[in-house]
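Computed from heavy atoms alone, side chains included, the values below leave out hydrogens, waters and symmetry copies. Remember, predicted model here, so these are calculated numbers, not experimental data.
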Amino acid sequence: MATGYGVVKRISRVNKIHPIVLITKMDGGGMETFCLNLFRAWSFSGIKATLYSSFAGGVRNNEFPNGLERVCWNLRARKSFWKLAKWLNSRPEDPCLVLSQELAAVLLVLKKFRLIRNRIYFRESTDVEHHYGRWFKRLMQWLWPSLDGIIEQSRIGLNETGKICNGLLPKNLIIRNIQPPANENIGFSVQGECPRLACIGSFKSMKGQRFLVEQLLTEDSSDWSLAFWGDGERRGEVETIVAERGLSGRISFCDWTSEVIKAYESCDIVIIPSDYEGLPNVMLEAILRGKRVSVRPTCTGAGELISEIGLGETWPWRKALEIPEKDWIAARNRLAKLCDPKTVSAEILKFMASDYE
């Protein structure tokens with residue numbers, strides 16, 4: 001680990017890099033979690049970094065590392081583009097790590113018109129068809145080859161980005177979401193004869209909570225219970241379906257809590273039923289906290305990582321019970337190395353310093 005920090009400090013000293021991470025909101029999602037953990041690792045290494053964002057209320061001030069320069073900015077505010085361009089022009093040598101597709105497009109347009117000179121690196125999932133539609137994809141095809149680099153979550157995501165770039169993919173790096181190291185004392189035993197299932201996340205159409213309820217209706221046995229953790233626009237709809245199907249005694253709804261450890265401690269298996277997903281932090285947190293996971297194959301990045309760390313296919317959830325405990329422990333240790341904050345932060349800084357092979 002000390003080697004990783006040495007690399008970061010050496011690169012920073014030679015290149016005087018002050019990374020700027022730009023995002024449009026802080027709502028507690030996967031990209032925001034990645035961003036904050038990256039800042040913590042950089043701050044601990046003595047690397048200066050700047051966060052330029054607007055706030056959506058999901059992240060509290062005490063979650064930001066000490067010493068971080070925070071510049072609050074609203075993407076939709078009048079004249080904000082020019083404010084951002086002027087601000088970036090004052091530090092042209094500092095690279096930008098962008099966690100928003102819309103903002104990446106804005107920055108590339110500014111760069112094409114030579115209003116800024118900063119290197120621009122993009123870090124996001126590439127489900128553009130689902131999120132933004134056909135016209136934004138065409139805009140990406142025009143702009144993305146001008147990026148100085150792309151940081152992706154998986155080989156699948158990188159291939160999709162390559163298609164969008166029409167074969168003109170810029171410098172790229174596959175990196176895993178930053179997560180705290182695993183507690184080595186956590187085990188993978190299933191408590192009792194009735195597996196406790198949990199589905200953690202906001203209630204949105206793409207998160208698949210309704211699909212999960214319908215799947216559980218096909219279960220012949222009654223040796224399971226499920227807790228939904230979270231809130232959102234589709235929660236009422238799912239609650240109605242559960243009541244209509246007579247599952248209220250076995251499926252419960254828990255309000256979202258900032259102490260997410262409670263959600264993990266309450267279950268044996270975390271289920272991720274999303275219609276599409278990149279690399280969900282919920283899956284990483286669950287495995288690192290000693291919980292088994294059942295990931296739907298439509299979560300492409302998650303499925304790829306599960307295979308990479310040696311767990312293979314785990315959907316439906318009962319397959320998770322068939323994997324030996326020793327395999328889960330080995331997978332957890334492998335995952336902890338892949339997502340170690342010190343290593344990941346060093347790799348990203350080296351990548352943005354143009355020294356990454």
Side-chain angles (χ1 to χ4, degrees), residues 21-24 29-35 37-38 96-105 107-108 120-134 136-179 201 204 206-208 272-285 287 293 295-309 311-315 334-335 337-340 343-345 347-348 350-352 356:
V21 179
L22 301 105
I23 58 178
T24 54
M31 293 298 100
E32 287 74 18
T33 302
F34 172 88
C35 170
N37 282 323
L38 180 61
C96 300
L97 178 57
V98 188
L99 279 73
S100 161
Q101 291 174 338
E102 302 102 313
L103 185 52
L107 292 181
L108 288 175
I120 301 173
Y121 300 87
F122 179 58
R123 166 65 163 86
E124 245 273 40
S125 59
T126 51
D127 293 315
V128 291
E129 293 283 9
H130 291 99
H131 287 297
Y132 304 104
R134 186 184 308 168
F136 190 80
K137 182 175 181 178
R138 289 183 180 180
L139 179 65
M140 289 174 64
Q141 289 175 333
W142 177 57
L143 292 172
W144 258 224
S146 301
L147 284 167
D148 294 277
I150 292 176
I151 299 175
E152 275 289 358
Q153 296 175 316
S154 64
R155 177 60 57 185
I156 292 174
L158 198 59
N159 290 341
E160 288 301 310
T161 303
K163 294 176 185 177
I164 293 171
C165 291
N166 293 322
L168 301 176
L169 191 68
K171 172 183 173 184
N172 59 79
L173 172 70
I174 294 179
I175 203 76
R176 304 306 184 188
N177 287 16
I178 293 179
Q179 292 293 333
K204 300 177 181 178
M206 55 81 66
K207 291 297 184 180
I272 303 175
S274 302
D275 294 338
Y276 57 92
E277 194 91 55
L279 186 58
N281 277 29
V282 167
M283 184 193 80
L284 305 181
E285 291 172 349
I287 295 177
V293 297
V295 179
R296 192 175 171 189
T298 47
C299 302
T300 52
E304 179 181 311
L305 180 58
I306 282 180
S307 177
E308 181 179 336
I309 61 179
L311 288 180
E313 180 63 67
T314 63
W315 180 270
R334 170 68 174 154
L335 181 62
K337 291 181 180 179
L338 285 174
C339 302
D340 178 70
T343 304
V344 172
S345 62
E347 283 190 64
I348 290 176
K350 187 175 180 180
F351 178 74
M352 296 198 309
Y356 193 91

Quick one: [atom1] on [X] to [atom2] on [Y], what's the gap to the nearest 0.5 Å?
X: Leu147; Y: Leu168; atom1: CG; atom2: CG; value: 12.0 Å
X: Ile156; Y: Glu304; atom1: CD1; atom2: CD; value: 4.5 Å
X: Ile174; Y: Glu152; atom1: CD1; atom2: CD; value: 8.0 Å
X: Leu335; Y: Ile309; atom1: CG; atom2: CD1; value: 5.0 Å

Please check: side-chain N/O of [X] versus main-chain N/O of [Y], any donor-acceptor pairing under 3.5 Å?
X: Ser154; Y: Ala302; answer: no
X: Asp148; Y: Tyr121; answer: no
X: Lys171; Y: Phe351; answer: yes
X: Thr314; Y: Val293; answer: yes

What's the shortest heavy-atom distance between [X] and [Y], and which atoms?
X: Arg176; Y: Leu338; answer: CB-O, 3.8 Å
X: Val295; Y: Trp315; answer: O-CB, 3.1 Å
X: Cys96; Y: Leu22; answer: CB-CD1, 3.4 Å
X: Gly312; Y: Ile306; answer: O-CG2, 2.7 Å

Testing Leu305, Leu279, Thr300 one by one against Gln153 for a side chain to side chain contact (heavy atoms under 4.5 Å, CB included), which residue passes?
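In the set Leu305, Leu279, Thr300, the residue that makes a side chain to side chain contact (heavy atoms under 4.5 Å, CB included) with Gln153 is Leu279.
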Identified side chain to side chain contact (heavy atoms under 4.5 Å, CB included) counterpart of Phe34 within the set Ile178, Ile23, Val21:
Ile178
Side chain to side chain, [X] and [Y], heavy atoms closer than 4.5 Å:
X: Asn37; Y: Val344; answer: no
X: Ile175; Y: Arg123; answer: yes
X: Asn172; Y: Thr161; answer: no
X: Ile150; Y: Pro170; answer: yes

Quick one: list whatever passes side chain to side chain contact (heavy atoms under 4.5 Å, CB included) with Ala104, sequence neighbours left out.
Val98, Phe122, Trp144
Between Arg155 and Glu308, is a salt bridge (charged side-chain N to carboxylate O under 4.0 Å, His left out) present by the stated rule, with each step listed?
CA-CA 11 Å; Arg155 177 60 57 185; Glu308 181 179 336; over 6 Å; no
Evaluation steps, salt bridge (charged side-chain N to carboxylate O under 4.0 Å, His left out), between Arg296 and Glu277:
CA-CA 9 Å; Arg296 192 175 171 189; Glu277 194 91 55; over 6 Å; no
